[in-house]
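Here the structure is laid out as structure tokens; the discussion comes afterwards.
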There are 2 protein chains.
Amino acid sequence: MNQALICPRFEKAMSIMSQRWTGLVIYQLLAGPKRFCTLESSMSISGRVLSERLKDLEQQGIVKREVYPETPVRIEYSLTDKGMALEPVLREIEKWSQEWLQAE
Amino acid sequence: MNQALICPRFEKAMSIMSQRWTGLVIYQLLAGPKRFCTLESSMSISGRVLSERLKDLEQQGIVKREVYPETPVRIEYSLTDKGMALEPVLREIEKWSQEWLQAE
DNA sequence: TATGTTAGTTACTTTATGTAAGTAATTATA
DNA sequence: TATAATTACTTACATAAAGTAACTAACATA
């Protein structure tokens with residue numbers, strides 16, 4: 001019954017990018033490392049889901065988590081090379097949004 | 001508390017593209033018009049959600065719905081110019097998936 | 001009359017996300 | 001010394017989104 005089979009790697013990529021918030025988190029990290037509370041307050045994501053997303057992205061090798069034992073502790077999230085490689089995707093979404101969506 | 005404000009148009013685009021299945025539906029339509037049952041069987045989306053997505057995408061001017069009163073009725077979904085303009089986004093996701101994801 | 005096809009819809013269940021409060025470690029303040 | 005503050009979470013519970021399976025409408029064919 002399945003005619004046009006979709007490449008499983010592409011399907012995987014789509015399942016990552018089509019999770020709520022994932023794209024915006026990566027987009028924020030393109031600008032440089034960010035801490036949990038900075039990410040949390042720069043978009044309307046809940047702490048519960050942000051924590052979940054960061055763990056997922058870390059496990060997929062897209063995000064790196066680094067602990068600086070200062071006081072209070074500082075934990076920084078940044079993109080790995082694999083994560084950085086998503087920049088063109090985000091830039092194309094940005095372009096499309098500028099060309100095809102109205103400002104409200 | 002909000003430091004790096006995100007452009008509302010970009011946020012809108014992300015909210016469209018980060019809905020489950022939306023990207024894959026658009027990807028399938030890049031290859032040409034498709035009927036409901038073809039879309040349904042080419043990925044594991046449920047009919048309930050496919051119907052919902054197609055309505056949303058039509059309302060956003062990304063997808064066009066055309067009825068051919070044959071027997072049985074044929075209804076074709078295709079991309080508008082706005083939808084076609086998402087091709088570079090999908091192509092970049094495709095590229096990234098080929099370079100960074102393992103085939104299972 | 002019964003069966004098949006396409007394009008859905010409906011009712012119900014499961015999963016994902018949002019909300020708000022709580023925790024642990026440490027420092028600052030009254 | 002007790003209280004409050006900060007960061008980075010986690011937990012319990014409520015609501016929203018998605019999956020499942022059965023059903024409908026319109027028409028055609030066996």
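Letters A, B, ... mirror the listed sequences (proteins, then strands); counts begin at 1.
- Side-chain atoms of Arg20(B) and base atoms of dA18(D) include no donor and acceptor less than 3.5 Å apart.
- At most 12 non-hydrogen atoms from other residues, nucleotides or ligands lie less than 6.0 angstrom from CD of Gln59(A).
- Atom pair Glu70(A):CD and dT7(D):P shows a separation of 12 Å (rounding to whole Å applied).
- Rounded to whole Å, atom C1' of dC9(D) lies 14 Å from atom CD of Glu58(A).
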Dump the pairs, protein N or O against N or O of nucleotides 28-30 of chain C, anything under 3.5 Å, distances to one decimal.
none

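- Residue Trp21(B) places at least one side-chain N or O closer than 4.0 Å to OP1 or OP2 of dG19(D).
- At a threshold of 4.5 Å between side-chain heavy atoms, the hydrophobic network of Ile, Leu, Val, Met, Phe, Trp and Tyr places Val67(B) and Leu39(B) in one connected group.
- Proximity of a side-chain donor or acceptor of Arg74(A) to a complementary backbone N or O of Tyr68(A) within less than 3.5 Å is not detected.
- Atom C1' of nucleotide dA16(D) and atom CD of Gln19(B) are separated by 12 Å, given to the nearest angstrom.
- Summarising the geometry, the separation between CZ on Arg48(A) and P on dT15(C) is reported as 15 Å, rounded to the nearest angstrom.
- Nucleotide dT17(C) holds its P atom 9 Å from the CD1 atom of Ile45(A), rounded to whole Å.
- Looking at Arg91(A), its side chain never comes within 3.5 Å of a backbone N or O of Leu86(A) through a donor-acceptor pair.
- The nearest whole Å value for the distance from the NZ atom in Lys34(A) to the P atom in dA8(D) is 13 Å.
- Using a 4.0 Å cut-off between a side-chain N of Lys or Arg and a carboxylate O of Asp or Glu, Arg48(B) and Glu52(B) qualify as a salt bridge.
- With 3.5 Å as the limit, one finds no donor-acceptor pair spanning the side chains of Glu58(B) and Tyr77(B).
- In this structure a side-chain-to-backbone donor-acceptor pair under 3.5 Å is missing from Ser18(B) to Gln19(A).
- As a whole-Å value, the separation of Glu52(A) CD from dT10(D) P is 10 Å.
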Review item, nucleotides 3-8 of chain C N/O atoms under 3.5 Å of protein N/O:
unit_1: dT6(C); atom_1: O3'; unit_2: Arg35(B); atom_2: NH2; d: 3.1
unit_1: dT6(C); atom_1: O3'; unit_2: Val73(B); atom_2: O; d: 3.2
unit_1: dA7(C); atom_1: OP1; unit_2: Arg35(B); atom_2: NE; d: 3.3
unit_1: dA7(C); atom_1: OP1; unit_2: Arg35(B); atom_2: NH2; d: 3.4
unit_1: dA7(C); atom_1: OP1; unit_2: Ile75(B); atom_2: N; d: 2.9
unit_1: dA7(C); atom_1: OP1; unit_2: Ile75(B); atom_2: O; d: 3.4
unit_1: dA7(C); atom_1: OP2; unit_2: Cys37(B); atom_2: N; d: 3.4
unit_1: dG8(C); atom_1: OP1; unit_2: Arg65(B); atom_2: NH2; d: 2.7
unit_1: dG8(C); atom_1: OP2; unit_2: Tyr77(B); atom_2: OH; d: 2.4

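- The nearest pair of heavy atoms linking Ser42(A) to Gln28(A) is OG-NE2, 2.9 Å.
- The closest donor-acceptor contact from the side chain of Lys82(A) to the backbone of Gln60(A) lies under 3.5 Å.
- As judged by a 4.0 angstrom heavy-atom cut-off over every strand, Ser46(B) is placed among the base-contacting residues.
- As a whole-Å value, the separation of Met43(B) CE from dG19(D) P is 11 Å.
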